[in-house]
Novice: 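One structure, as structure tokens, below. Some questions next.
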Amino acid sequence: MEKFYVIKRTIGKDEQFIVIDAMSLDEADAIFLVRHKGDKDAMKKGEEFLVFEANGELKFDENNRVELPIKGEMMIHKKLS
């Protein structure tokens with residue numbers, strides 16, 4: 001099992017939403033979509049959920065934005081309208 005971060009990105013900041021244990025990014029994304037459908041449906045325009053493998057401790061910059069991993073894949077769920 002690997003750990004995957006789910007980050008909620010809003011206009012003003014990023015915040016750690018949850019950590020999911022899963023075998024793959026696809027599985028972690030599916031778990032997020034099932035368990036947090038209401039949160040995803042309640043997103044406002046411009047908000048995002050980012051799902052990616054945890055490669056160490058999560059770090060944030062001075063603007064409260066997460067420092068994204070340099071390698072690997074990521075799932076992005078964004079509210080467009």
Side-chain angles (χ1 to χ4, degrees):
M1 287 286 214
E2 302 293 328
K3 292 197 180 295
F4 294 84
Y5 288 123
V6 178
I7 304 299
K8 184 175 184 180
R9 176 167 278 178
T10 61
I11 293 172
K13 67 178 181 173
D14 293 347
E15 59 185 48
Q16 181 178 327
F17 187 68
I18 57 168
V19 177
I20 297 174
D21 291 321
M23 298 296 288
S24 67
L25 178 59
D26 288 333
E27 181 183 14
D29 189 54
I31 291 168
F32 165 71
L33 291 173
V34 168
R35 292 184 184 166
H36 298 281
K37 181 183 184 324
D39 296 302
K40 184 178 178 292
D41 292 346
M43 288 171 38
K44 296 178 180 133
K45 184 177 179 180
E47 291 184 341
E48 298 176 330
F49 281 103
L50 312 174
V51 183
F52 56 91
E53 188 173 355
N55 292 321
E57 184 127 354
L58 215 69
K59 295 180 184 174
F60 293 85
D61 66 15
E62 63 277 356
N63 297 316
N64 294 317
R65 294 295 184 191
V66 71
E67 293 181 10
L68 297 172
I70 296 172
K71 64 178 184 170
E73 296 178 325
M74 178 184 310
M75 297 287 194
I76 301 172
H77 300 278
K78 185 173 187 169
K79 180 74 171 193
L80 298 175
S81 57

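We're numbering straight along the sequence, starting at 1. Predicted model, so just to flag it, every value in this text is computed and none were measured.
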Novice: Test Met75 against Asp26 for side-chain contact (heavy atoms from CB on, under 4.5 Å), laying out the working first.
Specialist: CA-CA 8 Å; Met75 297 287 194; Asp26 288 333; 3.0 Å; yes

Novice: Tell me which pairs pass ring pair (Phe, Tyr, Trp, His ring centres under 6.0 Å) where either residue lies in residues 61-81, with sequence neighbours left out.
Specialist: Phe32-His77

Novice: Could you grab the distance from atom CG of Leu68 to atom CG of Asp61, nearest 0.5 Å is fine?
Specialist: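 One gets 9.5 Å once the value is rounded to the nearest 0.5 Å.
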
Novice: Report yes if some heavy atom in the side chain of Lys59 is under 4.5 Å from a heavy atom in the side chain of Val66; otherwise report no.
Specialist: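 No, every pair of side-chain atoms sits at 4.5 Å or beyond.
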
Novice: According to salt bridge (charged side-chain N to carboxylate O under 4.0 Å, His left out), who are the partners of Lys37, at least two apart in sequence or on a separate chain?
Specialist: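 Salt bridge (charged side-chain N to carboxylate O under 4.0 Å, His left out) list for Lys37, sorted by chain: Asp41.
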
Novice: Among all residues two or more places apart in sequence or in another chain, which pass the salt bridge (charged side-chain N to carboxylate O under 4.0 Å, His left out) test with Glu15?
Specialist: Lys13

Novice: Return the set of residues passing side chain to side chain contact (heavy atoms under 4.5 Å, CB included) with Met1 (not counting sequence neighbours), or none when no residue passes.
Specialist: Met23

Novice: Return the set of residues passing side-chain hydrogen bond (donor to acceptor under 3.5 Å, both in side chains) with Asp14 (not counting sequence neighbours), or none when no residue passes.
Specialist: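 For Asp14, the residues satisfying side-chain hydrogen bond (donor to acceptor under 3.5 Å, both in side chains) (neighbours in sequence not counted) are Arg9, Arg65.
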
Novice: Apply side-chain contact (heavy atoms from CB on, under 4.5 Å) to residues Glu67 and Phe60 and explain how you reach the verdict.
Specialist: CA-CA 6 Å; Glu67 293 181 10; Phe60 293 85; over 6 Å; no

Novice: Would you kindly confirm whether Leu33 and Ile20 end up in one hydrophobic cluster when ILVMFWY residues are joined by side chain heavy atoms under 4.5 Å apart?
Specialist: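 Cluster IDs for Leu33 and Ile20 match.
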
Novice: Partners of Asn64 by side-chain hydrogen bond (donor to acceptor under 3.5 Å, both in side chains), sequence neighbours excluded?
Specialist: none

Novice: How about Lys8 and Thr10: do any of their side-chain heavy atoms sit closer than 4.5 Å?
Specialist: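 Result yes, sub-4.5 Å side-chain heavy-atom pair found.
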
Novice: Give, for atom CG of Asp29 and atom CZ of Phe4, the distance between the pair rounded to the nearest 0.5 Å.
Specialist: 10.0 Å

Novice: Side chain to side chain contact (heavy atoms under 4.5 Å, CB included) with Lys3: which residues, sequence neighbours excluded?
Specialist: Val19, Asp21, Ala54

Novice: Shortest non-hydrogen contact from Ala22 to Ile31?
Specialist: CB-CD1, 4.2 Å

Novice: Enter the distance from Ile76:CD1 to Ile7:CD1 here, rounded to the nearest 0.5 Å.
Specialist: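 Ile76 CD1 to Ile7 CD1: 12.0 Å, rounded to 0.5 Å.
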
Novice: Quick one: side chain to side chain contact (heavy atoms under 4.5 Å, CB included) partners of Glu62, sequence neighbours excluded?
Specialist: none

Novice: Please tabulate, for side-chain N and O atoms in residues 46-53, each donor-acceptor pair with protein atoms closer than 3.5 Å (sequence neighbours left out).
Specialist:
| residue | atom | partner | partner atom | Å |
| --- | --- | --- | --- | --- |
| Glu47 | OE1 | Lys44 | N | 2.9 |

Novice: When Ile, Leu, Val, Met, Phe, Trp and Tyr are grouped by side-chain heavy atoms lying under 4.5 Å apart, directly or through other members, which residues fall in the same group as Leu80?
Specialist: none

